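Just so you know, these numbers use all the heavy atoms, side chains as well, and skip hydrogens, waters and symmetry mates. Note that the structure is predicted; figures quoted are calculated from it, not measured.
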Number of protein chains: 2
Amino acid sequence: MIHMSDELSERQQKILKLIVQEYVHTGRAVGSKALIDRYKLGVSPATVRNDMGILEDQAFLQHPHTSAGRVPTDSGYRYYVENLLGNPRVPMSEQIRIRHQFSQVEMQVAASMKLAAAVLAEASGNIALISPPRSIQETVRHFELISLRDHLILLILVTQSGTVHESFLHIDDPVDQETLSATSRQLNDEIRDMRHTEIQLQASRHESFSALVLEQIAALMQRTEQESTAELHSEGLERALRQPEFSHGGVAQQLLEVLRGGALLSVLLPQVRQKDDLRIFIGSENVSDELQSYGVIIARYGATSEVTGLLGILGPTRMPYDRSISTVRYVSHLLSDLLRHVHADEPEQ
Amino acid sequence: MIHMSDELSERQQKILKLIVQEYVHTGRAVGSKALIDRYKLGVSPATVRNDMGILEDQAFLQHPHTSAGRVPTDSGYRYYVENLLGNPRVPMSEQIRIRHQFSQVEMQVAASMKLAAAVLAEASGNIALISPPRSIQETVRHFELISLRDHLILLILVTQSGTVHESFLHIDDPVDQETLSATSRQLNDEIRDMRHTEIQLQASRHESFSALVLEQIAALMQRTEQESTAELHSEGLERALRQPEFSHGGVAQQLLEVLRGGALLSVLLPQVRQKDDLRIFIGSENVSDELQSYGVIIARYGATSEVTGLLGILGPTRMPYDRSISTVRYVSHLLSDLLRHVHADEPEQ
DNA sequence: AGTTAGCACTCTCGCATGATGAGTGCTAAT
DNA sequence: ATTAGCACTCATCATGCGAGAGTGCTAACT
């Protein structure tokens, strides 16, 4: 009341920082005594209490009850992340370890995704989120027709992002593999780099079998375009559930529901539009209600600004922001490099 | 003590059946009074108690504590499943609904798998397990080489089971698409229906590029053969967690760990070897320790005896065995039909 | 011999009670 | 501005008690 400056003193910042770190570490409200005991501040508990009081006035801290220690508020975490954290980097030893793991899976995109998720989950002890790299407007790169047996053909489609799609095609009159190859060779040239709407159009210029194939391709692309909005994989749930936050029954279920519905992705997608964007949402900063007690760190990775995906970490607001942020950033760059190597024409940097 | 017959009287069977059903339904130990209240047995609570005592002597029932009602033991469930259940069928209305859903996804194998899992989870309120259809010894059906850009080729491989695998191939000297097509045409004829070991052998008869391709194919097949032992998807976890059994914190985590490691599949695999086998493991009947308080119903589906997969339900021992068993059986047949349609040459029955 | 009524007994569950202890906020002294 | 001292608050835990559900046993009944 007396002291209403918006600036925090050096010591207050230090205390806030220590409280956040201590609380993130132990999971229990931290009191003035405990703070003095563990860290060497040159001051008495009473002084710390005064500062804590001020921090509470500024809404960076709160008590659960009158007689418990302090816990950071969402704004407290926010202040910590923005002003007290510097620019955290993944330790060199860790970088080497991670790079080595990536070199193992070489250029396998799907395997790299899994690995990225595993690394993120491991580093943060929380849930890793990842959506595969997709083009905003997928176009055709190549397709093949493979005769499985009479009346049944396997259609394989490779799109701009390098994703492989497959679909079965039923036909009334048998077509042999030679004809299939001939057809696909011709059509491939026609529809290369086309979007599904253009292909739909192109289909109308053909007849019978060719038209059927083109329509199937258009449909397949449209379908995956819709689905790609809902594809968000997660990893590390079982480890995350070890956290005390989640030990209570219903929370696990609620968390699963958040992850499963496509809702999460559609909330996150518009928040990080540009490649290399990295955003942090702490508790109430999340737009969706279910995430009010969670923290989300999310980044967009990608080869070009066309072919991109999302990756990040979801955990309780009480999470190790330093390690989480640095790891998300680092892994996101690694994935971007990898994709650039696969997609773009310039060599990796 | 006086009465030690191994046979259960008509009434005792009826009581056991009702106890199982009531307990499965309510989740709470059932007492003599409650049973009389809900169902019209023509006898008094005391009589029921006597019979309960006998059922307990036979180890079909147990009390949690002296003053609680009875709960079925694992053997109780076993007796129920074997002798009191008849041969449960999925109700016609349900069959129609399910068949209709399947007709929507038509012949898309991947989508059918998902649907099957969803149906199982829905019907039982528990966790659906499903492993994709794989051949024990996968052989090559067809492969394609697609030039993505200089030095980078996409290899697409279709195996006997109809599964599509993809892999990137790095080469030092650029090869144009024409050459790729020519190469693949020739090699396709050579290695059709070969296993990975044979391909490996075949690779040694070729040089440079062709050898590289064949080796990559062999490696890819070998890799997926190993992985297919670990591929078991689950569905419906979040719903299952609503059950009181799972409401306690740590259980959810334990359950996730069981599902995630490939351990579960490798335990289950040898138990159901033949197509259309359906087996039930109740609590302690499970070989693995983590499953001691769960019930598993698992069946093998497949087009032929070569190309098969597993599907089933995992839940607490207290689960609706009637609906679960009938649904597993029904869906398993549906999937088999579907696969037969895609793989085998005879039309679906 | 099987069934039933009656009754004492057991054990869980929920609730109130009280002691403990960590931690605070305030005041006055430094 | 900092600190010591102290009264006060409130979660947590153990304890104790009453209520209720359900049993097991015995003796009477058909």
Side-chain angles (χ1 to χ4, degrees), chain A residues 1-5 7-16 18-19 22-23 26-73 244 247-248, chain B residues 1-5 7-16 18-19 22-23 26-73 244 247-248:
Chain A
M1 286 299 180
I2 310 141
H3 181 88
M4 252 320 199
S5 152
E7 301 298 329
L8 295 185
S9 76
E10 197 94 3
R11 193 181 58 219
Q12 284 158 5
Q13 294 198 0
K14 184 167 184 180
I15 288 174
L16 176 55
L18 289 178
I19 288 177
E22 183 69 9
Y23 178 62
T26 66
R28 278 180 315 209
V30 359
S32 52
K33 184 85 183 321
L35 212 58
I36 300 279
D37 288 351
R38 198 160 326 237
Y39 305 95
K40 294 206 198 305
L41 310 182
V43 293
S44 78
T47 310
V48 173
R49 275 206 291 283
N50 285 335
D51 280 345
M52 282 175 159
I54 294 169
L55 287 167
E56 190 173 349
D57 288 344
Q58 309 252 10
F60 293 136
L61 295 181
Q62 72 187 89
H63 321 221
H65 8 276
T66 324
S67 82
R70 257 60 168 222
V71 164
T73 60
S247 68
H248 192 276
Chain B
M1 285 299 179
I2 310 140
H3 181 87
M4 252 319 197
S5 153
E7 301 295 331
L8 295 185
S9 75
E10 196 93 4
R11 192 181 59 219
Q12 285 158 3
Q13 294 198 357
K14 185 168 186 180
I15 288 174
L16 176 54
L18 289 179
I19 289 177
E22 184 69 9
Y23 179 63
T26 67
R28 279 179 315 208
V30 1
S32 52
K33 183 84 184 322
L35 212 58
I36 299 279
D37 287 352
R38 200 161 325 241
Y39 306 94
K40 294 205 198 307
L41 312 182
V43 292
S44 78
T47 309
V48 173
R49 275 204 293 282
N50 285 335
D51 280 345
M52 282 174 158
I54 294 168
L55 287 168
E56 189 173 348
D57 289 343
Q58 309 252 11
F60 292 136
L61 294 181
Q62 73 187 93
H63 325 217
H65 8 276
T66 325
S67 83
R70 257 58 170 223
V71 164
T73 62
S247 70
H248 192 275

Phosphate-side-chain proximity, [X] and [N], N/O vs OP1/OP2 below 4.0 Å:
X     : N      : result
A:R70 : C:dG25 : yes
B:T66 : D:dT23 : no
A:T47 : D:dA1  : no

In whole Å, what is the span from the [atom1] atom of [X] to the [atom2] atom of [N]?
X     : N      : atom1 : atom2 : answer
A:M52 : D:dT2  : CE    : P     : 15 Å
B:R49 : C:dT10 : CZ    : P     : 16 Å
A:I36 : C:dG23 : CD1   : P     : 12 Å
A:Y23 : C:dG23 : OH    : C1'   : 16 Å
A:L55 : C:dG25 : CG    : P     : 12 Å
A:I54 : C:dG25 : CD1   : C1'   : 13 Å
B:L35 : D:dA21 : CG    : P     : 16 Å
A:K33 : D:dG5  : NZ    : C1'   : 15 Å

### Message
Return the CD to CD distance between B:E56 and B:Q62, rounded to the nearest 0.5 Å.
### Response
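It is 8.0 Å, given to the nearest 0.5 Å.
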Do you know the tightest heavy-atom contact between [X] and [Y]?
X     : Y     : answer
B:R28 : B:Y23 : O-CD1, 3.3 Å
A:V43 : A:I36 : O-CD1, 3.2 Å
B:L61 : B:M52 : CD1-O, 4.2 Å

### Message
If you only use heavy atoms from C-beta on, which nucleotide in D:dT2, D:dG24, C:dT3 is closest to the side chain of A:R11?
### Response
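Ranking D:dT2, D:dG24, C:dT3 by closest atom to the A:R11 side chain puts D:dT2 first.
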### Query
Donor-acceptor pair under 3.5 Å: do we get one between B:S67's side chain and the base of C:dC11?
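Between C:dC11 and B:S67, which were checked side chain against base, a qualifying N/O pair under 3.5 Å is present.
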### Task
With DNA chain C as reference, determine whether B:H65 or B:N50 sits nearer its 5' end, using the nearest nucleotide of each.
B:N50
### Query
Is A:Q12 close to A:L16 at the side-chain level, that is, under 4.5 Å between some pair of heavy atoms?
no
### Summary
Between B:H63 and A:A46, the residue closer to the 5' end of DNA chain D by nearest nucleotide is A:A46
